[in-house]
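Taking it in order: structure first as structure tokens, then the write-up.
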Amino acid sequence: MHDVFGNSVAVAAFSDPAAELKFESTFRAEHFPLPEQTLIIDDYAATLPLSYSASDDVDLAPSKARHYPDPEHKLDAWVKSLLDEIQGSGTLDVLMAMIGAIKSGFTYERREEVGVQTPVETLELKAGSCRDFAVFMMDAVRFLGLAAQFVSGYLYDEALIDAGGGLVGGGATHAWIQVYLPGIGWVEFDPTNALVGGRNLIRVAVAREAGQAAPLVGSFTGAGDDFLALHVTVEVTAE
């Protein structure tokens, strides 16, 4: 089936008891990378504040709404200080400065805990996982009035193709965001690695919020003291 965002969804149910449940997902992607290029957006969208056209705004409205509370406006203040530092209002300049600031000012930490940190938590800790950084940037972008979506997938690094064992990606799923820019459409921004565009990113699912793009969800019936654990491995190789 497909969800409301058009992502492919597989549903499975099991009636017999079992000691272990294991899912294996394998796919082969043929990569045709485009050369690095300058993003060209419509003239009216080149500077902030940006107002989408009336027709676009109807469809983009849910992706513009902020999802997490910021009662003390800490995230707002962070965005405003960023705007003061770059001394400009160019849309792409601001977005590039934002991913650069997250990359350089925050510490990446792989987290096994369920869910995501709120943007304020990530700001206070100055640390988080890729999904935490994606959620942080998504609300920061929405503060500027831009539409943003959460993306789940994998990181593909061509520079590591000849590494030992052919490993060319991380050992986990990856998360980043898309921002809608008139004239070019949805553009990928990865704040964890300060990447722009989809050259090194394998998109699997797109959603309005992080919780809607969970790779695996479900429930089980068992005894109260049953051992419950989840182990995930991801391997990206080049043929």
Side-chain angles (χ1 to χ4, degrees), residues 2-7 31-68 70 73 75-103 119 130-131 133-153 155-156 174-210 212-213:
H2 292 84
D3 65 11
V4 69
F5 304 104
N7 301 312
H31 193 46
F32 298 94
L34 294 173
E36 298 293 340
Q37 56 185 341
T38 302
L39 299 177
I40 300 176
I41 61 179
D42 288 345
D43 290 342
Y44 79 90
T47 58
L48 297 172
L50 187 162
S51 295
Y52 295 112
S53 67
S55 59
D56 282 347
D57 202 54
V58 171
D59 297 312
L60 296 173
S63 297
K64 292 170 55 182
R66 294 175 66 176
H67 188 66
Y68 296 91
D70 183 16
H73 304 287
L75 179 61
D76 303 359
W78 183 85
V79 176
K80 290 177 180 177
S81 66
L82 182 69
L83 295 175
D84 291 338
E85 288 178 9
I86 64 175
Q87 298 179 344
S89 58
T91 304
L92 289 174
D93 292 337
V94 171
L95 293 172
M96 294 292 289
M98 189 174 291
I99 60 173
I102 297 172
K103 168 72 174 174
C130 58
R131 64 186 186 276
F133 294 160
V135 168
F136 175 85
M137 183 174 180
M138 194 160 58
D139 255 30
V141 165
R142 288 171 174 174
F143 170 70
L144 296 172
L146 301 176
Q149 297 183 138
F150 183 90
V151 187
S152 180
L155 177 66
Y156 175 92
H174 192 51
W176 60 95
I177 72 169
Q178 291 180 335
V179 180
Y180 189 80
L181 300 176
I184 194 170
W186 292 104
V187 179
E188 320 274 343
F189 288 89
D190 177 7
T192 303
N193 300 288
L195 297 175
V196 180
R199 182 182 179 90
N200 298 96
L201 302 169
I202 302 174
R203 182 175 62 251
V204 175
V206 178
R208 180 172 48 84
E209 301 299 340
Q212 298 169 312

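Closest approach of Ala175 and Asp190 over heavy atoms only: O-OD1, 4.0 Å. Summarising the geometry of Phe189 relative to Trp176, their closest heavy-atom pair is O-CB, 3.4 Å, with the distance given to 0.1 Å. Closest approach of Leu144 to Leu48, counting heavy atoms only: CD1-CD1, 4.1 Å. Residues Ala46 and Ile41 approach most closely at CA-CD1, 3.8 Å, considering heavy atoms. Scanning all heavy atoms of the two residues, the minimum distance from Asn7 to Ala205 falls at OD1-CA, 3.4 Å. Closest approach of Tyr52 and Gly145 over heavy atoms only: CE1-O, 3.6 Å.
Other residues, nucleotides and ligands place more than 12 heavy atoms under 6.0 Å from the CG atom of Asp84. At most 12 heavy atoms of other shown residues, nucleotides or ligands fall within 6.0 angstrom of atom CZ in Arg203. The environment of Ile40 atom CD1 is sparse: at most 12 non-hydrogen atoms of other residues, nucleotides or ligands sit within 6.0 angstrom.
Side-chain contact between Leu146 and Met138 is absent, with no heavy atoms from C-beta onward closer than 4.5 Å. In this structure the side chain of Leu155 never reaches within 4.5 angstrom of the side chain of Cys130, judged on heavy atoms. Between Phe136 and Leu75 there is a side-chain heavy-atom pair separated by less than 4.5 Å. A heavy-atom distance below 4.5 Å is found between the side chains of Gln178 and Val206. The closest side-chain heavy-atom distance from Val135 to Pro119 is below 4.5 Å. The closest side-chain heavy-atom distance from Val204 to Ser152 is not below 4.5 Å.
For the atom pair CD of Glu188 and CD of Gln149, the computed distance is 9.5 Å after rounding to the nearest 0.5 Å. Atom CZ of residue Arg208 and atom OG of residue Ser63 lie 7.5 Å apart, to the nearest 0.5 angstrom. Of the inter-residue distances, the one linking Ile177 atom CD1 with Met137 atom CE reads 4.0 Å to the nearest 0.5 angstrom. Distance check: Tyr44 OH to Ser53 OG gives 5.0 Å after rounding to the nearest 0.5 Å. Taken from CG in Asp42 to CD1 in Ile184, the straight-line distance is 10.0 Å, to the nearest 0.5 Å. Remark: Ile102 CD1 to Thr192 OG1 distance equals 8.0 Å, nearest 0.5 Å.
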Checklist entry - Step by step, would you call His174 with Asn193 a side-chain contact (heavy atoms from CB on, under 4.5 Å)? => result CA-CA 11 Å; His174 192 51; Asn193 300 288; 3.4 Å; yes
Checklist entry - Do Val141 and Asp139 pass the side-chain contact (heavy atoms from CB on, under 4.5 Å) test, and can you show the C-alpha distance, the side-chain angles, and the key distance before you say yes or no? => result CA-CA 5 Å; Val141 165; Asp139 255 30; over 6 Å; no
Checklist entry - Could you go step by step and tell me if Phe5 and Gln212 meet the side-chain contact (heavy atoms from CB on, under 4.5 Å) rule? => result CA-CA 9 Å; Phe5 304 104; Gln212 298 169 312; 3.4 Å; yes
Checklist entry - Can Trp186 and Val179 be said to form a side-chain contact (heavy atoms from CB on, under 4.5 Å), step by step? => result CA-CA 5 Å; Trp186 292 104; Val179 180; 5.7 Å; no
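The pair Lys64-Asp59 does not meet the salt-bridge criterion, since no charged nitrogen lies less than 4.0 angstrom from a carboxylate oxygen. Electrostatic pairing of Arg142 and Glu209 counts as a salt bridge here, judged by a charged N lying under 4.0 Å from a carboxylate O.
Taking the ring centroids of Phe143 and Trp78, they lie at or beyond the 6.0 Å cut-off.
Under the rule for a salt bridge (Lys or Arg N to Asp or Glu O under 4.0 Å), Asp93 has no partner lying at least two apart in sequence or in another chain. Residues passing the side chain to side chain donor-acceptor pair (under 3.5 Å) test with Ser81, sequence neighbours excluded: none. Residues passing the side-chain contact (heavy atoms from CB on, under 4.5 Å) test with Ala61: none are found, sequence neighbours excluded.
Counting only distance, with no hydrogens or angles, the side chain of Thr91 and the backbone of Ala45 share a donor-acceptor pair below 3.5 Å.
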